[in-house]
Amino acid sequence: MIAQNNLSLFNTLTRKKEKFEPLNAPFVGLYVCGPTVYSDVHLGNCRTFISFDLIYRYLLHLGFKVRYVRNITDAGHLEGDRDEGDDKFAKKARLEQLEPMEIVQRYTLGFHDVMRAFNTLPPSIEPTATGHILEQIEMTKKIIENGYAYEANGSIYFDVEKYTKEHNYGELTNRKLEDLLENTRELGGQDEKKGRLDFALWIKAKPEHIMRWPSPWGWGFPGWHIECSAMSTKYLGDTFDIHGGGMDLQATHHTNEIAQSQACSHKAPVKYWLHTNMLTVNSVRMSKSAGNGFLPHELFTGNHPLLEKGYSPMAVRFFMMQTHYRSTLDFSNEALQAAEKGFAKLMTALKTLKQLKTSATSTSNITALVEAFYTAMNDDFNSPILIANLFEAVRIINSVNDGKESITIADLNSLQTTVNTFVFDVLGLHDESENNNGGKALDTVMQIVIEQRTEAKKRKDFATSDQIRDLLLAGGISIKDTKEGTIWQVD
RNA sequence: GGUCUCGUGGCCGAGCGGUUAGGCAGAGGUCUGCAAAACCUUGUACAGCGGUUCAAAUCCGCUCGAGACCUCCA
């Protein structure tokens, strides 16, 4: 395979770039924390899943056999910080007068629609928390058996103090236990927890709770963190290669996942932890609670106060790919419009690439360029550098097309293969204009119209030719006169 | 308060010790009946102040500014 063993990635656990060496090559286990489906996903959520889609796609391209697991959180996700309060699904269900599972279904379908619009590949397995209650109970039992959890009034809590005697609880965020303790709020008087860092594995259901399951400790529902540990263990094993998620999950959710898995199996669950950075709006993090989020369909239609116009899913995807996954990405209309134009330029060049003429010699070093594509992606999935190199390819394509540079048939073949692979298979982009040209009938009509206009031009009847062009433009079809003739597209 | 990021040309955004990032916008030109597209040329940026070094946007220190996590959130 191509440069498969040259991939390095930034491991949050060690805080440095490491060579990627799968536990059981060529197999790779990849787990990504998925969405909580009690409301629409916003663009910030999408960024994480699109980033991991890039990572998944590149691993596949390198020839790895990847099992990609991304969960759906549809149970037990509490509001508030003390494992008290309402279940998010039940609360939303009350608001909307629906069954909790109706909420789950609605937003799961919505999530899938959005993911499809962004052209992300579906995961190999998409397990739900409600479908794995048994596994979570079993894991909780094992943790209790091993002495790392205790029961209090029908709820089970993880004993962080006990855990820290043998393990470094704050290792993922490089935090000392004293600091963590110092900065955690005091326990409330009615709190059942022994230690203030303790978190729930199982929560006793209050009478009004609709989503509930029987357990050895009575009726209840699982804590938020245990689902990922249980499902990742079930499908990827006690220790697997890559665990990913948004940076906001690092300190609490992932820290607790490590603790649970260690307490259960006595093994470190994950070799490489990958975290994607946040999407910001005016340099403030986009989040549900800040209320500054865009829904994807608002972005596509432009129907939002902060949006000047709509942006297509692929333009947005391209926009995201122009930033490294570990950098914050700041949203603005200006930046999106720049990305939109750059993306259009790339797509145009890819069409030109199909019909390039070859020569006896090449004026550019295509082999070096192709190598640069791999170097970029092998360096912790550096898509911005890859795109910069793709624009070098665009320059070459256009120059050859203009007769200012030349390319051999061998180089052309190599360029066509790799550029198409990286743009479509790795970056996961596709040409939106292609399925948008109105089919064969419109094509026939357009050939006739263009023919008429060309005739008018030959007669130097520019009034007519310009009128045809203007009328088409008003109807959403733009035409361009190139050396090879007139081309058209639906805008 | 603790832990940690970041501050790059008009905008977005790479680079992280010496070599062109790239995109968008702007300027000039080629082409064109005009448009559009395409191509060529063009900007000499790294918050501030010190320090280390033959050499710093890149390492160290301080100052200023922005943000994240520590509390549900990708």
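Computed over heavy atoms, backbone and side chain alike; hydrogens, waters and symmetry mates excluded. What you see is a predicted model; the values in this text were computed from it and never measured. Letters go in sequence order (proteins before strands), and every chain restarts at 1.
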Quiz item: Think A/S327 has a side-chain N or O under 4.0 angstrom from the OP1 or OP2 of B/rA14?
Solution: yes

Quiz prompt | Shortest non-hydrogen separation from A/M278 to A/R47 and the atoms involved | solution = O-NH1, 3.1 Å

Self-check item: d(CD1, A/I477; P, B/rA37) in whole Å
Solution: 18 Å

Quiz item: Whole-Å distance between B/rA14 C1' and A/M321 CE?
Solution: 16 Å

Quiz item: Of the nucleotides B/rC34, B/rG2, B/rA21, which one has an atom closest to the side chain of A/P384?
Solution: B/rA21

Quiz item: Does A/R70 make a cation-pi contact with A/Y31, if we ask for NZ or CZ under 6.0 Å from the ring centre and within 45° of the axis?
Solution: no

Quiz item: When the distance from CZ of A/F462 to C1' of B/rA35 is rounded to whole Å, what number comes out?
Solution: 12 Å

Quiz prompt | Minimum-distance nucleotide (side-chain atoms of A/D481 versus B/rG23, B/rA35, B/rG13) | solution = B/rA35

Self-check item: Pairwise C1' distance for B/rU71 and B/rG15, with rounding to whole Å
Solution: 36 Å

Quiz item: So, is A/K341 near the phosphate of B/rA25, with a side-chain N or O under 4.0 Å from OP1 or OP2?
Solution: yes

Quiz item: Is there a side-chain polar atom (N or O) of A/N382 under 4.0 Å from OP1 or OP2 of B/rG15?
Solution: yes

Quiz item: Could you state the NZ-C1' distance from A/K351 to B/rA37, rounded to the nearest angstrom?
Solution: 12 Å

Quiz item: When rounded to the nearest Å, what value does the distance between P atoms of B/rC16 and B/rG7 take?
Solution: 13 Å

Quiz item: Looking across every strand, which nucleic acid part, if any, lies under 4.0 Å from A/G170 by heavy atom: base, sugar-phosphate, or nothing?
Solution: nothing

Quiz item: Do the side-chain N or O atoms of A/T36 get closer than 4.0 angstrom to the phosphate oxygens (OP1, OP2) of B/rA74?
Solution: yes

Quiz item: Less than 3.5 Å between a donor and an acceptor, one on the side chain of A/D466 and one on the base of B/rG33, is that the case here?
Solution: yes

Exercise. Go ahead and name the base partner of B/rU44; Watson-Crick or wobble counts if both distances stay under 3.5 Å, otherwise write none.
Key: none

Exercise. For B/rG26 and B/rA35, measure between their P atoms and round to the nearest Å.
Key: 16 Å

Self-check item: A/T252, nearest nucleotide to its side chain (from B/rA38, B/rC72, B/rC40)
Solution: B/rC72

Practice problem: Please state how far atom CD1 in A/I387 lies from atom P in B/rG22, giving the value in whole angstrom units. | Solution: 14 Å

Quiz prompt | Out of B/rC40, B/rA74, B/rA14, whichever nucleotide has its closest atom nearest the side chain of A/R395 | solution = B/rC40

Quiz item: If you take atom types as modelled and just measure distance, does the side chain of A/R47 reach the base of B/rA74 with a donor-acceptor pair under 3.5 Å?
Solution: no

Practice problem: Just name whichever nucleotide pairs with B/rC54, Watson-Crick or G-U, keeping both distances under 3.5 Å, else none. | Solution: B/rG18

Quiz item: What does B/rU3 pair with, Watson-Crick or G-U, if both distances are under 3.5 Å?
Solution: B/rA68

Quiz prompt | Over all atoms of both residues, closest heavy-atom pair of A/A129 and A/Q136 | solution = O-NE2, 3.1 Å

Quiz item: Just wondering, more than 12 heavy atoms not from A/E161 lying within 6.0 Å of its CD?
Solution: no

Exercise. Could you check which of B/rG2, B/rA38, B/rA14 has an atom nearest any side-chain atom of A/K345?
Key: B/rA38

Self-check item: Nearest listed nucleotide, side chain of A/S399, among B/rA74, B/rC39, B/rG23
Solution: B/rC39

Quiz item: A/F10 and A/H324: aromatic ring centres closer than 6.0 Å?
Solution: no

Self-check item: Residue A/T48, side-chain atoms from C-beta onward, closest of B/rA21, B/rA74, B/rA14
Solution: B/rA74

Exercise. Go through the side-chain N and O atoms of A/N71 and A/E126 and say whether any donor and acceptor fall under 3.5 Å apart.
Key: no

Quiz item: Partner of B/rG33 by Watson-Crick or G-U wobble geometry, both contacts under 3.5 Å, or none?
Solution: none

Self-check item: Rounded distance (Å) that lies between atom P of B/rU32 and atom CG of A/D402
Solution: 12 Å

Quiz item: Could a donor-acceptor pair under 3.5 angstrom be found where the side chain of A/R15 meets the base of B/rC4?
Solution: no

Exercise. Nearest whole angstrom, please: distance from the P of B/rA38 to the CD1 of A/I396.
Key: 16 Å

Quiz prompt | Shortest side-chain distance from A/F49, nucleotide among B/rA74, B/rG2, B/rG13 | solution = B/rA74

Quiz item: Starting at CG of A/N398 and ending at P of B/rA36, how long is that distance when rounded to a whole Å?
Solution: 17 Å

Quiz item: Taking the side chain of A/K457 as its heavy atoms from C-beta onward, which of B/rA74, B/rG33, B/rC39 lies nearest to it?
Solution: B/rG33

Quiz item: Would A/F391 pass as stacked on B/rG22, i.e. its ring centre under 5.5 Å from the base's six-membered ring centre and planes under 30° apart?
Solution: no

Quiz item: Between A/Y169 and A/N256, is any side-chain donor less than 3.5 angstrom from a side-chain acceptor?
Solution: yes

Practice problem: Identify which nucleotide among B/rG33, B/rU3, B/rA74 has an atom closest to any side-chain atom of A/N45, counting heavy atoms from C-beta outward. | Solution: B/rA74

